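Computed from a predicted model, the values in this text were never measured in an experiment. As the structure lists them, so they are numbered: ligands from 1, and atoms in each ligand from 1.
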Amino acid sequence: MRTVLLTGFEPFGADRVNPSWLAVRRLHGRTLRGHRIVARLLPTTYEESLPRLRRLLRRVRPALVICVGQAGGRAEVTPERVAINVDDSRLPDNAGWKPVDAAIIPGGPVAYWSTLPVKAIVRALRRQGVPASVSSSAGTFVCNHVFYGLMHELAKNGNAARGGFVHVPLLPGQAAHRRDLPEPDSRGPRRAEKSVPPSLPLEVIVRALLVTVGASLRSPH
Ligand code: PCA
């Protein structure tokens, strides 16, 4: 049976959990449209995340890869349209690394498009009652790093497998514990007032990722 690889990240910054990993691990072993889902954890570090992902690609040989990460401050499930060739963050990764204006792949293309059907995914999510929109920036922290590295690997293999990245909101429990959100990078305007960041229950995020996999397997990009 062909496989779908889903990855989630370790908690980072002030958080003790990461919804991306809690959600993808719930889908491990599920089958959908003739594909078996394999869920794996990635470290939230610039140095280790991509080597780990490359090993997974070699071992799992997936037909579809969807990397998932947490985006504090976002209210919707957001398939990412594009990965850019830069690491730049004020928030240190889990190894304490804070790169500035660093290329992910020196000499690599400025950007890669996702090869997921991002608009079809958003339509399918909204039909299922999940707030969703296409995002045009995965930031410049570890998520974009992994997204770019993933698309680079898939391109090297002639894009035989499809892949991309989806950001998910915080869980209600995370939102309840912070009113002032640390921002890993310049993802959007700072909110004027301190307020509780938006969140989605884990069950909704799990369902959203299943819908995302289904929509990706269904439509050509
Ligand atoms: N979110 C971070 C990295 C790990 C994660 O879950 C990001 O958006 O870059």
Side-chain angles (χ1 to χ4, degrees), residues 5-27 39-53 56 65-104 111-112 114 116 118 132-152 163-175 177-178 181-190 197-200 202 205-206 208-209 212:
L5 175 63
L6 296 183
T7 67
F9 282 102
E10 288 171 343
F12 64 98
D15 285 302
R16 298 220 187 97
V17 295
N18 191 319
S20 65
W21 171 238
L22 297 184
V24 301
R25 77 172 183 190
R26 290 242 195 134
L27 296 173
R40 293 285 186 262
L41 177 67
L42 295 180
T44 307
T45 69
Y46 290 101
E47 198 171 18
E48 288 300 320
S49 53
L50 273 182
R52 180 88 57 95
L53 179 66
L56 286 172
V65 187
I66 303 178
C67 297
V68 184
Q70 152 186 328
R74 287 197 192 168
E76 301 180 296
V77 173
T78 48
E80 298 290 346
R81 190 199 295 272
V82 62
I84 60 176
N85 191 10
V86 64
D87 287 337
D88 190 304
S89 60
R90 277 177 288 155
L91 183 80
D93 73 4
N94 286 357
W97 185 239
K98 287 189 285 186
V100 176
D101 298 338
I104 299 168
Y112 283 106
S114 171
L116 300 180
V118 291
S133 60
V134 173
S135 164
S136 296
S137 173
T140 53
F141 191 46
V142 181
C143 287
N144 173 74
H145 180 85
V146 161
F147 181 20
Y148 185 91
L150 167 68
M151 299 319 298
H152 189 75
F165 199 98
V166 175
H167 265 118
V168 298
L170 300 176
L171 299 172
Q174 292 176 286
H177 283 290
R178 59 177 157 159
L181 192 66
E183 290 178 30
D185 51 50
S186 51
R187 189 174 278 132
R190 271 185 172 272
S199 61
L200 279 181
L202 183 59
I205 296 176
V206 172
L209 295 178
T212 300

Report yes if some N/O of [X] lies less than 3.5 Å from some N/O of ligand 1; otherwise report no.
X: Ala138; answer: no
X: Thr44; answer: no
X: Asn144; answer: no

Check ligand 1 against [X] and write out every atom of the ligand that is under 4.0 Å from a heavy-atom position of the residue.
X: Cys143; result: 1 (N), 2 (C), 3 (C), 4 (C), 5 (C), 6 (O), 7 (C), 8 (O), 9 (O)
X: Asn18; result: 5 (C), 6 (O)
X: His167; result: 7 (C), 8 (O)
X: Phe141; result: 2 (C), 3 (C), 7 (C), 9 (O)
X: Phe12; result: 1 (N), 2 (C), 4 (C), 5 (C), 6 (O)
X: Gly69; result: 6 (O)

Item to complete: Could you tell me whether Arg74 and Glu80 make a salt bridge, using a distance below 4.0 angstrom between a side-chain N and a carboxylate O?
Response: yes
Item to complete: Decide side-chain contact (heavy atoms from CB on, under 4.5 Å) for Leu170 and Gln70; before the verdict, give the C-alpha distance in whole Å, the side-chain angles of both, and the deciding distance to 0.1 Å.
Response: CA-CA 6 Å; Leu170 300 176; Gln70 152 186 328; 3.4 Å; yes
Worksheet item: With distance as the sole test, does Asp93 use its side chain to make a donor-acceptor pair with the main-chain N or O of Tyr46 at under 3.5 Å?
Response: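 Side chain of Asp93 to backbone of Tyr46: a pair is present.
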Practice prompt. Please state whether the rings of Phe141 and Phe12 are parallel, tilted or perpendicular, taking 30° and 60° as the class boundaries.
Written response: tilted
Item to complete: Classify the angle between the aromatic ring planes of Phe147 and Phe165 as parallel (below 30°), tilted (30 to 60°) or perpendicular (above 60°).
Response: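 Judged by the thresholds at 30° and 60°, the geometry between Phe147 and Phe165 is tilted.
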Discussion item. Using heavy-atom distances only, which candidate in His145, Glu10, Glu80, Gln70 approaches atom 1 (N) of ligand 1 most closely?
Written reply: Gln70
Worksheet item: Pick from Ile104, Val100, Thr140: which one makes a side chain to side chain contact (heavy atoms under 4.5 Å, CB included) with Val86?
Response: Thr140
Practice prompt. Please name the pair of heavy atoms, one in Asn144 and one in Ile84, separated by the smallest distance, quoted to 0.1 Å.
Written response: ND2-O, 2.8 Å
